[in-house]
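Below is one structure, written out as structure tokens; comments come after it.
Each ligand, and each atom within it, is numbered from 1 in the order the structure gives. When a residue number appears, it is its place in the shown sequence, counting from 1.
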Amino acid sequence: MTDFTRINKFVSDEMTIVHDMGHAYDHVKRVFSLAMEVGEKLGAELKILGAAALLHDVGRTREAETGISHSISSGEIGHDILVKVGYSQDEIDMVKQVIRTHRFSEGLKPNSLEGQILSDVDKLDAIGAIGIYRAIAHAASIGVGVNGFLQHADEKLLKLKDMMYTDLARQYANERHRFLETFVRQLRTEMS
Ligand code: NI
């Protein structure tokens, strides 16, 4: 089993100043653990998947300034630490490719099992109880309130369960989706 300690340390150091609470280091930790769990069950290459999961959002803070998607910059930022911990050039290319396709909003389909899993678990963290927490925190931070949350739920979050690539993630998604759906319905009732 690959030792991810140094990559993990690198990421947590890089992300100490992230103000977007929805995509802070705690999101990365959850994505990493779930990716490892799903990856192990599906026989994925954990060395590639684990590194990609840890690094996938590391470029997010710079995106606002540079305009470069973090699906590209996160891989670039992670390059040196991957070299240091002994990843080969081929492995680094694979990690970058997995990160490149994790963002479903860019329309790039993952071309590996590892890419599918990262995309799936990233979406799983956006639904269920944790997804609700993140979406409300985000809505509050940008000042759009309850209606902003509901709009985001309708336009994006409630559609995620049908966008899973792997059957296992789809199973996890169904339960989280039901919870989200119930919450949204109850919220609408109370608001009306
Ligand atoms: Ni993410």
### Task
Inspect the contact between E14 and R60 and indicate whether a charged nitrogen and a carboxylate oxygen are less than 4.0 angstrom apart.
no

### Task
Give a yes or no answer on whether the side chain of R134 reaches the backbone of D125 with a donor-acceptor pair at less than 3.5 Å.
yes

### Query
Is there an N/O/S atom in D57 at a distance below 2.8 Å from the Ni ion (ligand 1)?
yes

### Query
Does H102 bring an N, O or S atom to within less than 2.8 Å of the Ni ion (ligand 1)?
no

### Query
Looking from the Ni ion (ligand 1), what is the angle between NE2 on H56 and NE2 on H27, to the nearest 10°?
100°

### Task
Spell out, as yes or no, whether a donor-acceptor pair under 3.5 Å connects the side chain of T66 to the backbone of I68.
yes

### Query
Any luck finding a side-chain donor-acceptor pair between D93 and Q97 under 3.5 Å?
no

### Task
Have a look at D122 and say which of its N, O or S atoms is nearest the Ni ion (ligand 1).
OD1

